[in-house]
Amino acid sequence: MSTVTIYHNPDCGTSRNTLGLIRNAGIEPTVIEYLKSPPSSEVLADLIQRAGLTVRQALREKGTPLLELGLDNATLTDAQLLDAVQEHPILINRPFVVTPIGVRLCRPSEVVLDILPKAQQGPFTKEDGDVVVGSGTYLPPQDMTLPVLDEALLDTPTHGKLSLHSGATHPPRILLLYGSLRERSFSRLLTEEAARILTRLGAETRIFDPHGLPLPDSVTADHPKVAELRALSTWSEGQVWCSPERHGTLTGVFKSQIDWLPLEIGSVRPTQGRTLAVMQVSGGSQSFNAVNALRVLGRWMRMVTIPNQSSVAKAFQEFDEAGRMKPSPYYDRVVDVMEELIKFTLLVRDRSDYLTDRYSERKGVAAEVARLASAAMDQER
């Protein structure tokens, strides 16, 4: 039996078009010609309620005796209107369609597309020449099999898998990096202002000082500054990156810090799954070149970069002699960004392992386990 039912009037163009769209999805519905077999008052009342309509909204005036019968009288009850429909089924507006997804009064006929369990399988033109599904419309492939996919290693995300049975209660741990060694570094001043805001929002913050950090690969990774940076990144649950814009991009001072952070240190990934907020300062007019470059870096480092960002133009005008940021829309934006970072960090930090768990990596692990098991069996023979 079909899971789709249409209450159909074959003399109605809208009803015929709706039936055509259902069949164009490869579905042969149960067709009830309601003028011959009208639904009971109880069934009709249920259809109307599930469609989100009132009884009066479900009545048809054109081509019916609605006015002649005085059914436009606002004092009539739903029961009285439904009784009139039993006597005159033509009063039912059409077509009602029932599917596993819901119930709709399909006027216009395209409304049925919202509740069909299958997509359209080809172009469709209504009787009046209106193209509903054109030849250029994307149609899903007919063959939905996935022969290359290893179903045993596929994980289908669910609300249950993302829910927390018990989450961390410690303050969010935020590492802040900046990209200038100048004595009055505006990227450092902006970073310090961000750290103050984060602390006020309940975070534990650490700011890494890039002074003394060697150029990448110029020393071994056990250098004290390199070890400090890597340890802080591993400790963190979220990060703030702030760089001046220099020659249209971020500075070498900042990039060196990221270059010292590998994607993996043994089994530890010091940046993967951490949240990230990006900021920049400019000496001239506002630009977004540095924050855009930072976003690319964040993706490369497998971080969850928040949507908001801060770009402070003419930064030399935005800080007082004590190095504090002056009141301005730029300051307000920094507050916005830090608020958002804390929210995302609280959402992500206890779920980061699951969020960054990849099919391709599970497949690689499974292959390695199979290889080792095979090698062990060979040794026992």
| Do the side-chain N and O atoms of Gln280 and Ser282 include a donor-acceptor pair separated by under 3.5 angstrom? | yes

Considering all heavy atoms of both residues, which atom of [X] and which atom of [Y] are nearest to each other, and what is their separation?
X      : Y      : answer
Phe124 : Leu21  : CD2-CD2, 3.4 Å
Leu105 : Ala51  : N-CB, 4.4 Å
Ala221 : Trp260 : CA-CZ3, 4.3 Å
Thr158 : Tyr354 : N-OH, 4.3 Å
Ile32  : Ser37  : CG2-O, 3.6 Å
Leu116 : Ile101 : O-CD1, 3.6 Å

Where the side chain of [X] meets the backbone of [Y], is there a donor-acceptor pair that is under 3.5 Å apart?
X      : Y      : result
Arg333 : Ser311 : no
Glu340 : Asn308 : yes
Ser2   : Val4   : yes
Thr199 : Ala195 : yes
Thr271 : Met301 : yes
Asn9   : Ser15  : no
Gln86  : Asp83  : no
Arg274 : Thr234 : yes
Thr191 : Ser187 : yes
Ser218 : Leu215 : yes

Between atom [atom1] of [X] and atom [atom2] of [Y], what is the distance when rounded to the nearest 0.5 Å?
X      : Y      : atom1 : atom2 : value
His223 : Arg230 : NE2   : CZ    : 12.5 Å
Cys106 : Leu19  : SG    : CG    : 11.0 Å
Gln272 : Leu263 : CD    : CG    : 8.0 Å
Glu204 : Glu237 : CD    : CD    : 9.0 Å
Ile48  : Leu82  : CD1   : CG    : 5.5 Å
Leu177 : Ser256 : CG    : OG    : 12.0 Å

| said: Could you walk me through whether His88 and Glu68 satisfy the side chain to side chain donor-acceptor pair (under 3.5 Å) test, starting with their C-alpha distance in whole Å, then the side-chain angles of each, then the deciding distance to 0.1 Å, before giving a yes or no? | reply: CA-CA 12 Å; His88 305 277; Glu68 179 184 336; over 6 Å; no

Can you confirm whether [X] sits close enough to [Y] that some side-chain heavy atom of one is under 4.5 Å from a side-chain heavy atom of the other?
X      : Y      : answer
Lys225 : Phe208 : yes
Leu229 : Gln257 : yes
Phe288 : Gln309 : yes
Arg60  : Leu91  : no
Arg94  : Thr14  : no
Tyr330 : Gln317 : no
Asp46  : Val43  : no
Val85  : Ser41  : no

Whether over 12 other heavy atoms sit under 6.0 Å from [X] [atom1]:
X      : atom1 : value
Asp217 : CG    : no
Trp300 : CH2   : no
Arg200 : CZ    : no
Lys326 : NZ    : yes
His170 : NE2   : yes

Taking [X] first and then [Y], would you say they form a salt bridge - that is, a charged N and a carboxylate O separated by under 4.0 Å?
X      : Y      : answer
Glu318 : Lys314 : no
Glu368 : Arg371 : yes
Arg23  : Glu28  : yes
Glu361 : Arg269 : yes
Asp357 : Arg362 : yes
Lys126 : Asp130 : yes

| Test side chain to side chain contact (heavy atoms under 4.5 Å, CB included) applied to Leu355 and Val304, step by step | CA-CA 10 Å; Leu355 290 172; Val304 181; 5.7 Å; no

| Picking from Ile22, Ile6, Thr99, what satisfies side-chain contact (heavy atoms from CB on, under 4.5 Å) with Ile27? | Ile22

| field | Option passing side-chain contact (heavy atoms from CB on, under 4.5 Å) with Tyr7 (candidates Leu44, Leu47, Ile92, Thr30) | value | Leu47

| task | Please report the C-alpha distance between Gln239 and Thr275 in whole Å, then the side-chain angles of each, then the deciding distance to 0.1 Å, and finally whether the side chain to side chain donor-acceptor pair (under 3.5 Å) criterion is met. | result | CA-CA 6 Å; Gln239 297 188 16; Thr275 52; over 6 Å; no

ILVMFWY cluster, [X] and [Y] together (side-chain gap under 4.5 Å):
X      : Y      : value
Met325 : Ile174 : yes
Val334 : Phe186 : yes
Leu189 : Val291 : no
Val240 : Val335 : yes
Phe344 : Leu346 : yes

| task | Given salt bridge (charged side-chain N to carboxylate O under 4.0 Å, His left out), test Lys161 with Asp155 step by step and report yes or no. | result | CA-CA 10 Å; Lys161 294 175 182 177; Asp155 176 71; 2.7 Å; yes

| Trace of the side chain to side chain contact (heavy atoms under 4.5 Å, CB included) decision for Trp235 with Arg206 | CA-CA 10 Å; Trp235 163 86; Arg206 308 275 178 86; 3.2 Å; yes

| request: Could you go through the salt bridge (charged side-chain N to carboxylate O under 4.0 Å, His left out) check for Lys255 and Asp259 one step at a time? | output: CA-CA 6 Å; Lys255 184 62 164 56; Asp259 286 345; 2.6 Å; yes

